[in-house]
Amino acid sequence: MRFKSGFLVGFGAGYMLGAKAGEERYQQIVGAARSLRDNPGVQRLTGEVSKTVAVGKDRVSEAASRKVEQAGDAAAAQASKAKEAVASLGKKTEEKAETPTAPVSTTSASSGSRPTSKP
C-alpha cells in the first residue's frame, strides 16, 4: 500500500509541476530536441552507428547461418549412423533366424514310463 500511495503522490506532484510549466516549456524542450537532431555532428554519428549496426547484423546473421548448417550436418550424420546401426541389427537378426538349430524333442525323459521289474 505504501508503494501505491507514494506512486500517487509522485504522479500528482509531477502533473502539477508539468501543468505549471505549460506550453511554453514544452515548446522549448521540443525546440532543443530538434536542434540536437539537426546538428551535423549528431547526424554523422547517427549514420555511423547505423552502419555499424548493419554490419554487426550481417555478421551475426552469417554466423548463425553457419551454425545452423553445421548443426544440420551433424544431425544428418547422426541419423545416418543410426540407420546403419538399425540395418546391421536387422541383418544379424535375419542371420540368426536362418541358421539351422538342432531338433528339439517334444517329449521329455521324465514324462515317459520306466519299465518296472517284478520280483
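Computed from a predicted model, the values in this text were never measured in an experiment. Atom set for the values below is all heavy atoms of this structure, side chains included, hydrogens, waters and symmetry mates excluded.
Under the side chain to side chain donor-acceptor pair (under 3.5 Å) criterion, Gln70 pairs with no residue at all, not counting sequence neighbours. Applying the side chain to side chain donor-acceptor pair (under 3.5 Å) criterion to Gln28, with sequence neighbours excluded, gives Arg25.
Ser61 places no side-chain N or O within 3.5 Å of a backbone atom of Lys57 that could act as its donor or acceptor partner.
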Hey, can you pull the donor-acceptor pairs under 3.5 Å for the side chains in residues 75-87, sequence neighbours left out?
none

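Taking CG of Leu36 as the start and CD of Gln43 as the end, the distance is 10.0 Å to the nearest 0.5 Å. Residue Lys67 holds its NZ atom at 14.0 Å from CD of Glu62, rounded to the nearest 0.5 Å.
The environment of Glu69 atom CD is sparse: at most 12 non-hydrogen atoms of other residues, nucleotides or ligands sit within 6.0 angstrom.
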